[in-house]
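Just so it is clear, the structure is predicted and the values come from calculations on it, not from any experiment. The chains referred to below are lettered A, B, ... by the order of the sequence lines, with proteins before strands, and numbering in each begins at 1.
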Protein chains: 2
Amino acid sequence: MEKWRRSERITVMTKYLLEKPNTLLSLNEFTGMFSSAKSSISEDISIIRDVFQQFGYGKIETMAGAGGGIIYLPQVRKEDKYKFLQEIARRLEDPSRILAGGYLYMTDIIFEARTAKKIGEIFAQHFADMKPQYVVTVETKGIPLALMTAKALNIPLVIIRDGGRVTEGSAVSLNYVTGSSHQIRTMSLSRRALPVDSKVIIIDDFMKAGGTAKGMIDLLWEFKSRVLGIGVLIDTKMPEQKLVSGYYSLLKLNNVDEIAKKIEVEPIITDR
Amino acid sequence: MEKWRRSERITVMTKYLLEKPNTLLSLNEFTGMFSSAKSSISEDISIIRDVFQQFGYGKIETMAGAGGGIIYLPQVRKEDKYKFLQEIARRLEDPSRILAGGYLYMTDIIFEARTAKKIGEIFAQHFADMKPQYVVTVETKGIPLALMTAKALNIPLVIIRDGGRVTEGSAVSLNYVTGSSHQIRTMSLSRRALPVDSKVIIIDDFMKAGGTAKGMIDLLWEFKSRVLGIGVLIDTKMPEQKLVSGYYSLLKLNNVDEIAKKIEVEPIITDR
């Protein structure tokens, strides 16, 4: 029977907790792993908990009782979140990002895995209490953010396909109207991708009028799913009246001036 | 000036290393963070290194000299990799996964963030020595695997769009012929998504005849990119002659019998 030192146990436990966020872990997993007394493991955890707290990595909560254990809730501190979003806003304001139609090129940023991971953790922190069972997005650009949110919540990701071409057995398709350009488009979801009566959150990269989000809600309704919340990285100031309400956005695109080559983006400050 | 205990420093350093894989980190980052002597930090690292080694988490290498530091290389042990792939193979062999045309439903598995992460680490381990600068995939189902590979390599992800509809400024489009069904299709890549003369790896979920991979290589050629390697989660036994060669596949789909409702999948064993 090997004997592990505290610093060794802590290395393993830190990795273990980071890889299983929002998941109840029994202390027995650790006592078994190290053949250590529960009291030693508890002390280890309290060290990790304090450090995570001090460095703003998130909370480690203890659930007492027979079915108890610990649970790691990744959290981004308000000041870190603000700084992080400010940095993204600054990058997005680069005039070379202006695309035809007043859109903004931001693919490079949302496809950076570390950036996507942090955004996912911010969404996870916001929605964790609602206990969603699935993260839903529509292809393509929302996928990295939705995947990282799913990872932080430790729940599966479900991707609605853009268009009617679904090669995954029977599917439900829905025609919807994009909110800003009033185009008719189709989105589809394979029947086997999502059980009926699921509780889900929707994550996407961008919202202008909210037509796509509205379409997703309608499609999820066909699956009798309950949409607990919607998170988007960035929404536009105009139109003020969106087709969906009560969504959680991290950044506000106030203005894109194609002539003057000027972009204005700002972090949205909320209490949580 | 706060004084940190070893176990506290190790908690922080473990998280730090895990979040910056395949990245050279200067020891000064840690000595500064903790106001600790370099010798203490070195001892901390050697504890973490030994534990990572023993638990099969990967290697921590030390680079000596002025520009030196440490670098964490995530690795999946051969036996863990085999067990992990065997488990995926077993899940894929569930007859209810058979789709029309002899395809296999595997979206649920590749959209599980933790599974995608491990697959990404296996790809990263295989391709890290080649020093790729970008991970490239084509939408949609390859994205989670490609994103997690990019995360493990700490390099950006580039996504080729399926179809000609690119809203991201000027793009290069290419018509290609799918290898098995001989359909003509289009894929496109925004000019700004990838600098010319880049060294890239291609990651995808599935390969049958290799027509899509061949199309990606041709499209990347237009960007004067050098494709260092191709990684796919699963390829089919038939057709034996693929349109691309020398790719790295983790699983082999030997047979899908739509009548007998039988699927055969096996892990591919390689030396590395």
**OP:** Tell me, yes or no, whether the heavy-atom count around A:Glu87 atom CD, taken from other residues, nucleotides or ligands under 6.0 Å, exceeds 12.
**Re:** yes
Subject >> B:Glu258, CD atom: more than 12 neighbouring heavy atoms under 6.0 Å >> reply: yes
Would you mind telling me which of [options] has the largest number of heavy-atom pairs within less than 4.5 Å of chain A?
options	result
B:Asp50, B:Ile98, B:Thr140, B:Ile143	B:Thr140
B:Arg97, B:Lys15, B:Lys151, B:Arg6	B:Lys15
B:Phe52, B:Phe55, B:Tyr105	B:Tyr105
B:Ala152, B:Ser96, B:Ala146, B:Ala116	B:Ser96

Subject >> Exam field: side chain A:Arg192 to backbone B:Asp108, donor-acceptor pair closer than 3.5 Å >> reply: no
**OP:** Could you walk me through whether A:Val12 and B:Tyr57 pass the side chain to side chain contact (heavy atoms under 4.5 Å, CB included) test, one step at a time?
**Re:** CA-CA 9 Å; A:Val12 174; B:Tyr57 295 164; 3.4 Å; yes
Subject >> A:Glu168 and B:Met106, any side-chain heavy atoms less than 4.5 Å apart >> reply: no
Which distance, rounded to the nearest 0.5 Å, do you find between the [atom1] of [X] and the [atom2] of [Y]?
X	Y	atom1	atom2	answer
B:Glu43	A:Ser7	CD	OG	10.0 Å
A:Thr14	B:Leu17	OG1	CG	11.5 Å
B:Leu99	A:Ser170	CG	OG	10.5 Å
B:Asn154	A:Glu112	CG	CD	9.5 Å
B:Glu139	A:Ile159	CD	CD1	10.5 Å
A:Lys141	B:Arg161	NZ	CZ	6.0 Å

Original post:
Between A:Met13 and B:Thr11, is a side chain to side chain contact (heavy atoms under 4.5 Å, CB included) present by the stated rule, with each step listed?
Top reply: CA-CA 9 Å; A:Met13 288 163 71; B:Thr11 304; over 6 Å; no
Subject >> Contacting moiety of B:Ile48, where chain A heavy atoms sit under 4.5 Å >> reply: both
Subject >> Side chain / backbone / both / neither for B:Ala193 at chain A, heavy atoms under 4.5 Å >> reply: both
Subject >> Which atom of A:Lys20 lies closest to which atom of B:Arg114, heavy atoms considered >> reply: CE-NH2, 3.3 Å
**OP:** Go through the atoms of A:Leu147 and report whether side chain, backbone, both or neither lie under 4.5 Å from a heavy atom of chain B.
**Re:** both
Subject >> Working for side chain to side chain contact (heavy atoms under 4.5 Å, CB included), residues B:Ile10 and A:Glu8 >> reply: CA-CA 9 Å; B:Ile10 279 186; A:Glu8 293 167 335; over 6 Å; no
